[in-house]
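Everything below concerns the one structure shown next.
We name chains A, B, ... by the order of the sequence lines, and we start the count at 1 in each one.
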Protein chains: 2
Amino acid sequence: MKKSELLKEFKHYIKKSGLKYTPQREAIFRKIISTKGHFEIEDLIHKIKTKNMSVSRATVYRTLNILKEMGLVNEVIKYGNKTIYEVALKEHHDHLICKKCGKIIEFHSDEIEKLQDKICNKYDFKPEFHRLEIFGICKECRQK
Amino acid sequence: MKKSELLKEFKHYIKKSGLKYTPQREAIFRKIISTKGHFEIEDLIHKIKTKNMSVSRATVYRTLNILKEMGLVNEVIKYGNKTIYEVALKEHHDHLICKKCGKIIEFHSDEIEKLQDKICNKYDFKPEFHRLEIFGICKECRQK
DNA sequence: ATGGTTGCAAAATGTTTGCAATGGC
DNA sequence: GCCATTGCAAACATTTTGCAACCAT
């Protein structure tokens, strides 16, 4: 999906929910979708600042909460006291996280997804979201 | 494994690492292993207080960090800003977490574990720990 | 006796909130 | 103009840390 379409969709979402489409919200969303992969809030806050735009920490947190509720952004990794977010645009996937260098590798396994569904059925549990994090040491870090 | 054996093992670990076996550390470990399932730090701190024993918040955090390093305790669920811990004594398993009532259901799937290994092999990644959390709504909560 | 450990309070993080001013609609 | 939103600072929640007194070995 193109950036302009995404923005349009975001605007639509916002309006539909009776919220206001403010420059701050647009700036935050723009920055998030231009982030190719994963991001942390603190980075986002700093990267949003430009000559003619600045968004307060509070607004970033508040907007991110809206985006989470809308399902446009997910908390994909929780490590120590850090939370790493991701735009929910690509197909669902999970992560390998290197404890040494912090590298994040994405993977997807239909088989694992299916097995999860099977487990949920067994317990009559209605899944809404899942997160599979595998922590370890990546190839490059082991070679050193 | 029996409680007394666990304590012995814990003491051994502590000594082997050149640390001191203090009443506070024992009290914390005792409370953790008597906790059948999952626990949160704040609860632990409050439950440890008895007439003749009290452990400071700082010491609980410090001891928990030692236990994590030793691999005797794992962070198994991270939800919002909460962390839920578990003693690493039973066979590895993962969790279904009900977003309504907070219920935690444990499950284990050898097939999922094997698929994870396969993925790690593919990326030449050496896994150390993983966490699969499935958030959703449990049977009981859906019936209301 | 000595060096790790404890408790306390302060600091450091990460996140939320109250409130007055602002600005979409 | 109305009411949601913003920015700020203060409040909160969680975890870590500096330091003097303490205590396991």
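For B:H130, the ring pair (Phe, Tyr, Trp, His ring centres under 6.0 Å) partners are B:H92, not counting sequence neighbours. Looking at residues two or more places apart in sequence or on another chain, you find a ring pair (Phe, Tyr, Trp, His ring centres under 6.0 Å) between B:Y79 and B:F135.
Separating the CD1 atom of A:I41 from the P atom of C:dG14 is a distance of 10 Å, rounded to the nearest angstrom. Distance, B:K78 NZ to D:dT14 P: 12 Å, rounded to whole Å. A straight line from CG of A:L44 to P of C:dG14 spans 14 Å, rounded to a whole angstrom. The interatomic distance linking A:L64 (CG) with D:dT5 (P) rounds to 16 Å, in whole Å. With rounding to whole Å, B:I45 atom CD1 is found 14 Å from C:dC8 atom C1'. The nearest whole Å value for the distance from the OH atom in B:Y79 to the P atom in C:dT15 is 15 Å.
Terminal axes of the helix from C:dA1-D:dT25 to C:dC25-D:dG1 (five pairs each, C1' rotation axis) are separated by 30°, to the nearest 10°.
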Per-pair distances, 0.1 Å, donor-acceptor, side chain in residues 1-17 of chain A, under 3.5 Å, sequence neighbours excluded:
| unit_1 | atom_1 | unit_2 | atom_2 | d |
| --- | --- | --- | --- | --- |
| A:S17 | OG | A:Y13 | O | 2.8 |

Please list, pair by pair, any protein nitrogen or oxygen found under 3.5 Å from a nitrogen or oxygen in nucleotides 16-18 of chain C.
| unit_1 | atom_1 | unit_2 | atom_2 | d |
| --- | --- | --- | --- | --- |
| C:dT16 | OP2 | A:N65 | ND2 | 3.4 |

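Each of B:K11 and A:M53 was matched to the nucleotide of DNA chain D holding its nearest heavy atom; the match closer to the 5' end belongs to A:M53.
A distance of 10.5 Å separates CD of A:E140 from CZ of B:F125, quoted to the nearest 0.5 Å. In this structure, OH in B:Y85 is found 12.5 Å from CD1 in B:I77, a value given to the nearest 0.5 Å. Note that CG of A:L64 and CD1 of A:I41 are 4.5 Å apart. Values are rounded to the nearest 0.5 Å. In this structure, CD1 on A:I97 lies 8.5 Å from NE2 on A:H38, to the nearest 0.5 angstrom.
For B:K78 (side chain) and A:G80 (main-chain N/O), a donor-acceptor pair under 3.5 Å exists by modelled atom type. Here the side chain of B:R142 pairs a donor or acceptor atom with the backbone of B:I137 at under 3.5 angstrom.
Near-neighbour residues of DNA chain C inside residues 14-35 of chain B, defined by a heavy atom below 4.0 Å, number-ordered: B:L19, B:K20, B:T22, B:Q24, B:R25.
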(request) Could you walk me through whether B:K90 and B:E106 pass the salt bridge (charged side-chain N to carboxylate O under 4.0 Å, His left out) test, one step at a time? (result) CA-CA 11 Å; B:K90 332 186 218 184; B:E106 299 180 355; 3.0 Å; yes

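Dashed line: the shortest gap from a side-chain N or O of B:T59 to OP1 or OP2 of C:dG7 is under 4.0 Å.
When every heavy atom of B:I84 is checked against every heavy atom of B:E40, the shortest pair comes out as CG1-CG, 3.9 Å.
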